[in-house]
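To keep things clear, I will list the structure first and then write my remarks on it.
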Amino acid sequence: MNMDGATTAPELTESEEIASPEQPLARPPLVLNRRSYGWITERISGAVENRAPRWWWVAFAFTSGIAGFGLFCLGYQISTGVGTWGLNHPVGWAWDITNFVFWIGIGHAGTLISAILYLLRQKWRTSINRSAEAMTLFAVICAAIFPGVHVGRVWMAWYLAPLPNNYGIWPNFRSPLLWDVFAVSTYFTVSVLFWYTGLIPDLATLRDRATSKIKRFLYGIFAVGWRGSNRNWRHYEMAYLLLAGLSTPLVLSVHSVVSFDFATSILPTWHTTIFPPYFVAGAIFGGFAMVLTLMLPARALFKLHDIITLQHIDKMAKIILLTGSIVSYAYAMEFFLAWYSGNQYERFAFWNRVLGPYWWYWWVGMLFCNCLSPQLFWVRWCRRNVLVVYFVCMCVNAGMWFERFIIIVGGLHRDFLPSSWGLFIPTWVDIWTFIGTHGIFLSLFLLFIRFLPMIAMSEVKIVLPESDVHRHDPVVPAEKERA
Amino acid sequence: MKRVFQHPSAPTSGRRYWRSADELADTPEFREWLEREFPSSAAQLNGDEWSRRSFLKLMGASVALAGFGVSSCRRPELHLVPFTKTVEWTIPGKFLYYSTAMPRRNGAIPLLVTTVDGRPIKLDGNPLHPASNGASDVFVQAAINELYNPLRAKRIAENGKTTTPAAFEKYLGDLRTKIGDGAGLAFLVEETHSPTRERIRGELEKMFPRMRWCVYDPLRSEAQNFATQISFGDNLRLVPRIERADVILALDSDFLDCGEGDIASSRAFSFRRRVSSGKDSMNRLYVVENRYTLTGAMADHRLRLPASQIPLVAHAIATRVATATKDSGLGSILATLQVPAGAAQFDEQWLNEAVNDLVSKSGAGLVLAGPQQPVVVQLLAYGINSALKNVGSTVLLRERHRNQRDNSILQLAGDIVGGRIKQLFILGANPVFNAPRSLAYDSTSKTWVDWPELQKKVPDVIRLGYYEDETSALSRWNLPASHFLESWGDALSSEGHYLAIQPMILPLFGGFSELDLLNAVMGKPKVDGPELVQETFQASKPNGDPATAWSKFLHDGFASHILLRDQPPAFNGNTAGGIAHNLWSPPGPAPTPESPEIVLVRDYSIDDGRYINNAWLQEMPDPITKLTWDNAALISPHYAKTLGVETGDLVKLTVKDFVPVTPPPAEGKPAPPAPPPSTPRELEIAVLVSPGHADNSITIPLGYGRASLTSVGESSGFNGYLLRTASNPHYIVADGKAIESIAVKKVGRKYPLSITQDHFSIEGRGLVREATLEHYREDNEFAKKIAGDDELPPQLPSIYRHPPLQSAQQWGMTIDLNTCTGCSACVIACQAENNVPVVGKLEVAHGRAMHWLRIDRYFASEHGYDQDKGELPEDPEMVHEPMMCQHCENAPCETVCPVNATIHSEDGLNVMAYNRCVGTRYCANNCPFKVRRFNFFDYNQRPVGKKKIAGALNVYKEYFAPFTEKGAPDTIKLSKNPNVTVRMRGVMEKCTFCVQRIEEAKIAAHVRAGASADDLRIPRDSFTTACAQACPNEAIVFGDIRDPESKVSKMKLQDRNYRLLQYLNVNTRVSYLARIRNPNPKMPDARKIGIASPNEKEEAKE
């Protein structure tokens, strides 16, 4: 297995490339070592075409085992009752909705990278957008499991659909849960389309390179007759732009709508107008952390250092720092407003968050993981140190889960009537359902990197210098004078 | 063939209509037709080529057998023929109401039974009779569950082997010849206050002159009966007239506990608690007790003291009263009593001011001593009442003639040890479980023996039992007892009214009534109808035509022609003094942490243990501790700290008798011989830290810890009877006489207790609002000015236009916290009315109790406490607040339901469409009152799930679904209210304001209006909800709030009326009336009374 492709030239580091004395103002290249089209095609298609490495099989067996047990837990829960989870009377939602919001949040980064960064002409997105989008889809699939199965009568969940019926009963359009259904399903649909549209040129590449008939047939079907003609590209570019435009508001709306589940209720700590922006920022925050969590190992395993460069990691770390700071500001503002409102129920609820039974969730999860750990990214060295980045990303992944848990269970377990205060203790079914969704998520991701190009080859090629028809070396003033 | 005279309509169980093609295909008619029309198909249906004759024969037999198949609860022969002619009055599906009565320890409670299609489904007080006035209590409400309990005794058994009624009849016939003059014959019965039983007993005594009749009930107050006899003479019963009392002093007396006392006392008390404005007056209640009781929770002043110190308090109070009144009767008792120097001292000012208050209301005061307190305390209480001229005004001496020649269980035990008893009939009681220990001294083996050994000595023991229990296991013959709803009978109320008991259903499991059995012992022909009762009734000489009088008796449920006579007050001070002198054993110094006292009390949920198999009662949170499914040793927070234990820790109690010792003679009976050393009595029990409990005192509710039970009562609680002896029925204290030492040792293990409310600090929130009467008079709008409320956002205008509520009648409710005692009758009434499932101990521990109506209980103390830091108040005030769906007009639950399953009705109800509910639980999350209940498992279909079935794996039955056996027992299905859906799993449920009753009333109004359709309104206050109906204190009032003349509208106009969490703009339809306490300003603890609501002044200080 030759993952290195044809090149034998000595590899340059990023800083060596930038520090060219002739081009002090030049932007650092997005692909290092002046890799050619051929190298990119070989390297990325190779991951799909070569035999699966042993680690892939081990990893897939492990994650699909977990996924299988998670599905067993779901089956058990559906057949037996929601009581198999640790829910009780003050705490009607706990890990189920925490997990839902957690996964939905993760599902944000992909479309943000694909759509918003695309519209903003951020070319560095090309090397990460494909896998980020795939991650989005898988995260939304994991997220969708929870609202689906958390209801008491799963077999009646279709009541949420606005189906015309002879009773004339419609869903309650005032309920944010219903908005959720629409928002998430729209988001998922558009994300799938967007992802698939982006895949078409690469699928065609795979088709053309396929060695077996079956592969050629299957990739051929999905490549929908792509020939790479001008016409093809014109339509493709327009469709991609339109979908990016369509996705952009969705990125903002989905998590805003999810936040309405809480914001439109009357519970102290839930009933806050800050939630929509706070949730969106949190989702991007958590989403980017998850992108890095997946991409850093993939980069190492498939030796993609030239495509996913430290520059990319640095940029994503900056976004994490920004959104983490927005989230921290929102946390602080919640406390301020609770105090400023003078409302004893609000004040108590926030005080309880810090000192109540779930105090350590707040101190560890929200304060340390979400507010403090991203602050490391003020330091350039930290942003460019893969281990530090990975540590912070893991903190953020955990912290964002804790944040949702604190919002949901923290708000529910002690509300208005002290007589009804309680605690939530997860059962093994709770825990394994959540772990199981990780299994599903990772299994799908492993399948994705095995069968589809994990990096958008066509798009990466576009950002290579040689793709620019007007490309020329910057004119050095001294040369100009000489001329 | 049993034909029951005047029996209510038989239900349908035969099929009358086919509901599906399959059902039709099963009928013989169809098969006959099929045979005729398509002979080949008919043969196919039978799987063989049979002749038409044999086919019909087979079908006939099948139909007959089908009858047997469903006959487990009913006699099939009565129902083979469907209602071809409708039984008079019966409209299928419509309720019929009959009167009856529930026999209880202190007198029967007149009832009205709701039956549908021949099944009783709900009990309520008989509104025609003052003893209940339509109200009831938890045991009345839970009696339906008791009737349909599938665990009941179902068979006649000899030595554990099932046999036939004929075999028993034969045995009884043989036995009768052996009885002779009855020298070896004894009956052990429970108190039922039945005149017919008294009459039959008389006949039995004529037949067997030397027989013994022993009335036994573990909680029956021998001391009180004896003291009454001494003080006032024979054939009397004291009837308190609490409504006439301005000042009440309760010495360890829980008279507001309906389960123990009677509903009338509670009603009478609340009658004087009800205020509509500051001008009204209230009674004042002083309570001295060791543990928080329902009475203590209502107290204006409460002194917590070890129960063993109550005699000294009684003495101290009596001394003060005697000084003030110079009464000779009381003086003559006091003269005989010596209080040793060094006895415990009490708060002098407390006692002085309480006595001053009592003395100043001479003739309008009342001193009540707890029935379990010793004779001397009873005598002192009577003496004080007599000195204060209360006897005759607030206490009546009601004549009550009964045969006084009862034996006590001690005497019976003596006779058994002496070998004098050959035939023993045990009717109902369960002495093997609950008889005092060391009952008799066996001089041959030189040991003290307990009841089980005694019972084994009797050759012929015949037991009539409601369950097959510990006593059945040691009896030769076991007969299933019938429920009072299955048998004819009669009883006297606590005040002496003559009440009818008539059956509502044939015995489900072929049980006998006590009267049946006694009649059979006499060898008289079996009666299936009311003949025995009728005979008694006719002997009372009713007016007019006997048949009409009898019908009226059954219709009304009581006989009004029997006059109750009261005797003039005459306290026999000298005799009382003499007896008091003999029985007085002055209490020693107060209990210490090393040597605490143990107090054994009646349990609020299961009484003396008789209701342990009743799942409704087991799951009813104890009104004080909120504990379900168990009992526990209640101790004060301070004492818990001393012992180093907390709630759930196991402790071991060891009681060692003093050796050698002469036990005090049991009330007026000859002293038994000196006992040899006995083994220490031990009990391992979980601790429950209970604020307001006296220090160095341990309270154990009795009746739990029964090893032999299965299912509901299985492994629930700890058996306090193991510590109980006849000489220490109420409290056990190391006094240096009978008891040498009491030790408490921490075991080091935990026991899981399922408590429904862990947090009892109100956290300075204005949820329960209360004030003193004085404060209320100064500021009658206090309930609307609660500290903290002004900081909440003002009510903002809504930008959403709510659809108007157009119905002419709008339903609402008020709950008067001033009269709510927290007795929990409403909780069980709601459960019975609305088919609320039981979830089991484990699920309660998970916080999944399903009660639609719960009672929140808070402790308020003068100095705030942070419960999170483990601070517990030592001597707090207790407040109760019933909490159910508040039916918000602007309901937060309705907007968030994605499927429109919870919506608002035109008449202002927040309604649930169970069929539409998918169970997102969002509504419950958004409910500020947390009253919505989610059916997490199929609670109506699953076993209660206490038992581990996979051992160490901690897997409980319900968790094994879908492999767990599903389905409710048939009899439990019979107990359901057919007008209320039985909810499945995954569905949210909650209080509906008994919408089925509203709809029924609406339909009736429409029927009445007929075609005219003028006034479709339901007549004012013509019906009410189950909780309001059950409430003995009329604390809950329900009705039409749009009608200004309705009771509820008038309540809502009162200045004490407030709504919870109004800042949320929810506009609740339920409102609360603030609580008023009436402390005596001169009392030392007056400042800490009426402090449950947040105080403006204290806030300002901070």
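Proteins come first, then strands; the chains are lettered A, B, ... in the order of their sequence lines, and each starts at number 1. Scope of the values below: all heavy atoms of this structure, side chains included, with no hydrogens, waters or symmetry mates.
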### Message
Does any part of the side chain of B/Leu767, heavy atoms only, come nearer than 4.5 Å to the side chain of A/Ser419, both counted from C-beta?
### Response
no
### Message
Could you check whether A/Tyr159 and B/Asn900, counting side-chain N and O atoms only, form a donor-acceptor pair closer than 3.5 Å?
### Response
no
### Query
Which atoms of B/Arg916 come close to chain A, meaning under 4.5 Å heavy atom to heavy atom: side chain ones, backbone ones, both, or neither?
both
### Query
Are A/Trp93 and B/Tyr922 an aromatic pair by the rule of ring centers under 6.0 Å?
yes
### Query
Is the closest side-chain heavy-atom distance between B/Phe937 and A/Thr84 below 4.5 Å?
yes
### Message
Please verify the inter-ring angle class for B/Tyr1063 with A/Tyr345; under 30° counts as parallel, over 60° as perpendicular, anything in between as tilted.
### Response
parallel
### Query
Which region of B/Met883, side chain (C-beta onward) or backbone (N, CA, C, O), has a non-hydrogen atom less than 4.5 Å from a non-hydrogen atom of chain A, or is it both or neither?
side chain
### Message
Shorter than 4.5 Å, heavy atoms on both sides: which option in B/Lys626, B/Arg932, B/Arg857, B/Arg854 has the most such pairs with chain A?
### Response
B/Arg854
### Message
On a heavy-atom basis, which atom in B/Lys930 and which in A/Asp415 lie closest, and how many Å separate them?
### Response
NZ-OD2, 2.8 Å
### Query
Side-chain donor-acceptor pair under 3.5 Å between A/Thr80 and B/Arg985, yes or no?
no
### Message
Looking at every non-hydrogen atom in both residues, tell me the closest pair between A/Met156 and B/Val918 and how far apart they are.
### Response
O-CG1, 3.1 Å
### Query
About how many Å separate CG of B/Asp868 and CH2 of A/Trp421, when rounded to the nearest 0.5 Å?
7.0 Å
### Non-hydrogen side-chain atoms of B/Pro928 and A/Ile266 separated by less than 4.5 Å
yes
